[in-house]
*Asks:* 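Sharing a structure here in structure tokens format.
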Number of protein chains: 2
Amino acid sequence: MDTLALAQVLSPPIKRSLGDDVAESLRDAILSGQLKPGEQLREAALSEMLGVSRGPVREALSRLDREGLVVISRTGRTTVARLSLEDLDEVYSLRRTLERLAIEYACMRATPEDIAELQAVVNSMAAALKRGISEKEGAELDLRFHDVLYQSSRHQRLLDFWTTLRSQVYIIMLSRNVASADFKDAVVYGHQGIVDAIKARDKDQALDLIEQHMAVAYDLVSKSYVQAYTDPDRTI
Amino acid sequence: MDTLALAQVLSPPIKRSLGDDVAESLRDAILSGQLKPGEQLREAALSEMLGVSRGPVREALSRLDREGLVVISRTGRTTVARLSLEDLDEVYSLRRTLERLAIEYACMRATPEDIAELQAVVNSMAAALKRGISEKEGAELDLRFHDVLYQSSRHQRLLDFWTTLRSQVYIIMLSRNVASADFKDAVVYGHQGIVDAIKARDKDQALDLIEQHMAVAYDLVSKSYVQAYTDPDRTI
DNA sequence: AAACAGAAAATTGTTAACAGTTTACAATTG
DNA sequence: CAATTGTAAACTGTTAACAATTTTCTGTTT
């Protein structure tokens with residue numbers, strides 16, 4: 001194997017900074033509820049706890065701020081974000097808008113491999129549903145489908161925007177208290193339709209379906225959104 | 001004057017960190033062409049030049065990276081961003097999508113004060129055009145209109161997204177070489193129509209108009225986009 | 001010459017200390 | 001006892017030095 005062919009197979013190992021690690025740790029802690037909405041995050045305490053200096057912690061907090069998982073006040077105090085109903089509306093309206101664009105581009109650009117991967121995600125969710133599945137697993141498989149959709153759009157900036165919105169969508173998914181089996185079935189059904197439309201390169205159809213999909217999701221979420229992220233005493 | 005009344009008049013001074021200042025300086029330097037596409041930005045050199053330590057410089061570079069004005073490579077090297085035609089497509093497709101959402105929300109939420117401000121921006125651009133106006137002034141007035149539009153939408157996350165896209169739109173506007181008087185007139189005409197539609201709370205009409213406005217802008221830009229930001233030797 | 005290896009220089013990543021600001025608390029006053 | 005002021009503690013902002021990595025240079029080999 002010559003060096004050119006090697007280069008195509010061996011991509012350079014992705015360099016991770018301590019800031020990346022810290023951001024991941026904190027993100028997990030927030031999404032799993034170990035860090036509760038409203039809780040204050042102190043740089044010194046975090047850096048000690050994680051065994052790094054304040055620099056990387058600062059960088060991580062700044063990133064989480066961008067992702068909407070924490071709020072940095074004007075005086076520099078950082079707290080875990082609390083999502084109000086108004087925030088929920090913002091997140092979902094933006095999401096709807098981004099998904100439409102993703103669909104448009106995916107219809108034009110998705111490769112057969114992309115479509116196969118989309119189908120694989122739908123299949124694994126269908127299989128998971130049959131054997132029974134936790135709230136968390138459901139949310140993650142749902143998000144996974146949309147991740148692949150954005151990937152398929154081959155639109156770097158769109159993917160970046162989705163990445164900044166993604167965690168908040170995840171929080172909202174987890175905090176809805178009525179993700180019924182019916183709803184999960186509807187998700188699989190919805191996803192399958194979208195895959196079919198993309199495969200057929202039928203943009204209008206795909207747009208209709210994603211619009212429906214988003215409407216259903218928002219409807220459910222806004223009705224059932226427990227104020228877990230607004231009530232400071234609630235422990236989820 | 002009691003303290004309550006005072007509080008309404010005296011807002012706390014916005015705290016600016018050195019990172020804010022550095023980001024602003026660098027942004028200006030990039031947008032004005034003093035820092036050219038592809039040029040490498042070294043933390044030590046910048047910190048010395050600006051009289052601050054590397055910390056704030058780092059923070060600023062990270063912010064500009066988010067805004068798409070610089071690119072931070074996997075090995076940490078930072079260069080001034082170069083916008084390809086593909087990037088131009090990404091920026092404008094995303095912009096079109098965000099503007100549609102802004103219009104939707106502005107139609108619902110714009111206050112009479114918002115509408116008056118939109119009208120004021122249109123008027124000042126019309127006036128400026130009559131007396132003659134530079135490329136730069138034209139772009140800035142154009143952007144100003146859209147800034148106010150996003151403000152009027154009362155949608156914080158949407159405004160944040162626009163903020164991260166804004167600088168790239170500005171670069172693209174400046175690098176088109178045929179911003180004819182005709183086009184500038186078309187901009188004023190387009191903006192006026194949008195203001196009227198928002199005033200009438202006519203969402204469908206406003207959406208049609210913004211769609212046209214974006215199509216015209218993209219069409220012009222993509223045709224005339226000089227490769228200033230892709231050709232390293234070009235000095236704009 | 002082109003390719004390579006190793007050393008030196010340049011550059012970013014990280015840390016720890018210092019400076020400035022904000023918050024919490026206790027003492028004081030009306 | 002509520003409101004206010006002064007003070008100490010806590011915390012973030014910034015800096016400068018050190019560590020690790022990447023790039024550049026130079027000499028060597030084929």
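Order of the sequence lines sets the chain letters (A, B, ...), proteins ahead of strands, with each chain counted from 1.
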*Asks:* With nearest nucleotide decided by heavy atoms, which residue, B:Ala44 or B:Lys15, maps closer to the 5′ end of DNA chain C?
*Replies:*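 With B:Ala44 and B:Lys15 compared, the 5'-side residue is B:Ala44.
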*Asks:* When you compare the side chains of B:Arg166 and B:His146, does any donor N or O come within less than 3.5 Å of an acceptor on the partner?
*Replies:*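 No, because no side-chain N or O of B:Arg166 sits under 3.5 Å from a partner of the opposite role on B:His146.
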*Asks:* If only side-chain N and O atoms count, and only distance matters, is there a donor-acceptor pair under 3.5 Å linking B:Gln34 with B:Ser32?
*Replies:* yes
*Asks:* Using a heavy-atom cut-off of 4.0 Å across all strands, would you classify B:Leu41 as base, sugar-phosphate, or nothing?
*Replies:*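 The residue B:Leu41 makes sugar-phosphate contact but no base contact.
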*Asks:* Under a 4.0 Å threshold between the charged nitrogen and the carboxylate oxygen, would B:Arg154 count as salt-bridged to B:Asp114?
*Replies:*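 Here B:Asp114 pairs with B:Arg154 in a salt bridge, since their nearest N and O are under 4.0 Å apart.
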*Asks:* Could you tell me the separation between the CD atom of B:Glu43 and the P atom of D:dT14, rounded to a whole number of Å?
*Replies:* 15 Å
*Asks:* How long is the gap from CD on B:Glu43 to CG on B:Leu61, to the nearest 0.5 Å?
*Replies:*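 The CG atom of B:Leu61 is 6.0 Å from CD of B:Glu43, to the nearest 0.5 Å.
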*Asks:* Shorter than 3.5 Å, N or O on both sides, protein versus nucleotides 15-18 of chain D: list them out with atom names.
*Replies:*
unit_1: D:dT15; atom_1: OP2; unit_2: B:Ser53; atom_2: N; d: 2.9
unit_1: D:dT15; atom_1: OP2; unit_2: B:Ser53; atom_2: OG; d: 2.7
unit_1: D:dT15; atom_1: O5'; unit_2: B:Ser53; atom_2: OG; d: 3.3

*Asks:* Determine, for B:Asp87 against A:Arg157, whether the closest basic-nitrogen to carboxylate-oxygen distance falls under 4.0 angstrom.
*Replies:* yes
*Asks:* Any chance the side chains of B:Tyr105 and A:Asp89 put a donor and an acceptor closer than 3.5 Å?
*Replies:*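 Yes, a side-chain donor-acceptor pair sits under 3.5 Å.
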*Asks:* Rounded off to whole Å, could you give me the CZ-to-P distance for the B:Arg42 and C:dT12 pair?
*Replies:* 7 Å
*Asks:* In terms of side-chain geometry, is the basic nitrogen of B:Arg63 or B:Glu59 positioned less than 4.0 Å from the acidic oxygen of its partner?
*Replies:*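 Yes, charged N to carboxylate O under 4.0 Å.
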*Asks:* Among residues 71-78 of chain A, which residues get a heavy atom nearer than 4.0 Å to DNA chain C?
*Replies:* A:Thr75, A:Arg77
*Asks:* Rounded to whole angstrom units, what separation is found between the CZ atom of B:Arg16 and the C1' atom of D:dT12?
*Replies:* 18 Å
*Asks:* Rounded to the nearest angstrom, tell me the gap between atom CD in B:Glu48 and atom C1' in C:dA10.
*Replies:*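 Answer to the nearest Å: 14 Å.
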*Asks:* Using atom CG of B:Asp20 as one end and atom C1' of D:dT12 as the other, report the distance to the nearest whole Å.
*Replies:*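 B:Asp20 atom CG is separated from D:dT12 atom C1' by 14 Å.
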*Asks:* Take atom CG of B:Leu61 and atom C1' of C:dT12, then tell me their distance rounded to the nearest Å.
*Replies:*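 Between C1' of C:dT12 and CG of B:Leu61: 11 Å.
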*Asks:* Establish, from distance only, whether the side-chain atoms of B:Asn123 and B:Gln119 form a donor-acceptor pair under 3.5 Å.
*Replies:*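 Yes, B:Gln119 and B:Asn123 have a side-chain donor paired with an acceptor closer than 3.5 Å.
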*Asks:* Give a yes-or-no answer on whether the side chains of A:Thr163 and A:Asp160 include a donor-acceptor pair shorter than 3.5 Å.
*Replies:*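 The criterion, which ignores hydrogens and geometry beyond distance, is not satisfied for A:Asp160 and A:Thr163.
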